Asks: 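The following block contains the structure, expressed as structure tokens.
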Amino acid sequence: MRRTLVIGVTLVVAVSVAVIYYMFDPSDSNMWFPRCTLYTLTGIRCPGCGLQRAAHSLFHGDVTGALHYNALLPVLVVGLVLLAVGELVAPPQSRLARIVRHPVTAIIALTVLLAWTVARNLLDV
């Protein structure tokens, strides 16, 4: 029962967020979307900078534009899908669930985010 509820709520939230990012353009300065605090205060782009605009572009079929805003988007989408499937759908003892929960997976994810942050600020990508 609890697992079904979590899956249902997750799907409702995911679809709601997708609809919001499809309907509203975060690039519009008059919009209510939050701005990156780190970038606003320091000028340093975090690993998530541009993800709102990238999602909007992707939902409108503009893959090149989405990658321009944040080239890490495909990695994040695949990672989030694997995480959701591993945690919510796959049996608890399945290989995917064990990989998703393994501490090395978290270390790899953090390393990728850190490397992306450094690369995008030093190389201006």
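This structure is a prediction, so every number in the text was calculated from the model and none was measured. Heavy-atom basis, side chains included; hydrogens, waters and symmetry copies ignored.
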Asks: Are Phe24 and Val19 co-members of a hydrophobic cluster defined by side-chain heavy atoms under 4.5 Å apart?
Replies: yes

Asks: Under the salt bridge (Lys or Arg N to Asp or Glu O under 4.0 Å) definition, can you give me all pairs with a residue in residues 8-17, not counting sequence neighbours?
Replies: none

Asks: How would you list all residue pairs meeting salt bridge (Lys or Arg N to Asp or Glu O under 4.0 Å) that involve residues 72-85, not counting sequence neighbours?
Replies: none

Asks: Establish whether Val112 and Val104 are linked, either directly or via other cluster members, by ILVMFWY side-chain heavy-atom contacts under 4.5 Å.
Replies: yes

Asks: Measuring from atom CD1 of Ile107 to atom NE2 of His102, what distance do you get when rounded to the nearest 0.5 angstrom?
Replies: 9.0 Å

Asks: Quick one: list whatever passes salt bridge (charged side-chain N to carboxylate O under 4.0 Å, His left out) with Arg98, sequence neighbours left out.
Replies: none

Asks: Would you check if Thr64 and His68 make a side-chain contact, meaning some heavy-atom pair closer than 4.5 Å?
Replies: no

Asks: Which distance, rounded to the nearest 0.5 Å, do you find between the OG1 of Thr105 and the CG of Leu82?
Replies: 10.0 Å

Asks: Output yes when a side-chain donor or acceptor of Arg101 lies under 3.5 Å from a complementary backbone atom of Pro92, and no otherwise.
Replies: yes

Asks: Test question: given the 4.5 Å side-chain rule for I, L, V, M, F, W and Y, name all other residues clustered with Leu38, or answer none.
Replies: Ile44

Asks: With sequence neighbours left out, write down each residue that passes ring-ring contact (aromatic ring centres under 6.0 Å, His included) with Tyr22, or none if nothing qualifies.
Replies: His60

Asks: Please report the closest heavy-atom contact between Leu73 and Ala66, naming both atoms and the distance.
Replies: CD2-CB, 3.9 Å

Asks: With rounding to the nearest 0.5 angstrom, report the CG to CD1 distance, Leu113 to Ile108.
Replies: 12.0 Å

Asks: Taking only residues two or more places apart in sequence or in another chain, which ones pass ring-ring contact (aromatic ring centres under 6.0 Å, His included) with Tyr69?
Replies: none

Asks: Between Asp25 (side chain only) and His56 (backbone N and O only), is there a donor and an acceptor less than 3.5 Å apart?
Replies: no

Asks: So, taking the atom named CG in Leu58 and the one named CG in Leu51, what distance separates them when rounded to the nearest 0.5 Å?
Replies: 11.0 Å

Asks: Please determine whether residues Val13 and Leu5 belong to a single hydrophobic cluster, defined as Ile, Leu, Val, Met, Phe, Trp and Tyr linked transitively by side-chain heavy-atom distances below 4.5 Å.
Replies: yes

Asks: Taking the side chain as every heavy atom from C-beta outward, state whether Leu67 and Ser57 have any atom pair closer than 4.5 Å.
Replies: no

Asks: Under a single-linkage definition using a 4.5 Å side-chain heavy-atom cutoff for Ile, Leu, Val, Met, Phe, Trp and Tyr, are Val78 and Ile99 assigned to the same hydrophobic cluster?
Replies: no

Asks: Applying side chain to side chain contact (heavy atoms under 4.5 Å, CB included), can you list everything that pairs with Val89, at least two apart in sequence or on another chain?
Replies: Val85

Asks: Tyr39: which residues meet the side chain to side chain contact (heavy atoms under 4.5 Å, CB included) condition with it, sequence neighbours left out?
Replies: Cys36, Arg45, Cys49

Asks: Which residues satisfy the side chain to side chain contact (heavy atoms under 4.5 Å, CB included) test with Leu11, sequence neighbours excluded?
Replies: Ile7

Asks: Test of understanding: with side chain to side chain donor-acceptor pair (under 3.5 Å), list the residues that count as partners of Asp62, not counting sequence neighbours.
Replies: none

Asks: Provide the full list of salt bridge (Lys or Arg N to Asp or Glu O under 4.0 Å) pairs with a residue in residues 30-44, sequence neighbours left out, each pair given once.
Replies: none

Asks: Measure across Arg120 and Pro47 and return the closest heavy-atom pair with its distance rounded to 0.1 Å.
Replies: NH1-O, 3.7 Å

Asks: List the residues meeting side chain to side chain contact (heavy atoms under 4.5 Å, CB included) with Ser94, not counting sequence neighbours, and say none if there are none.
Replies: Ala90, Pro91, Leu96, Ala97

Asks: Is it the case that one hydrophobic cluster holds both Val12 and Val6, taking links as side-chain heavy atoms less than 4.5 Å apart, direct or via other members?
Replies: no

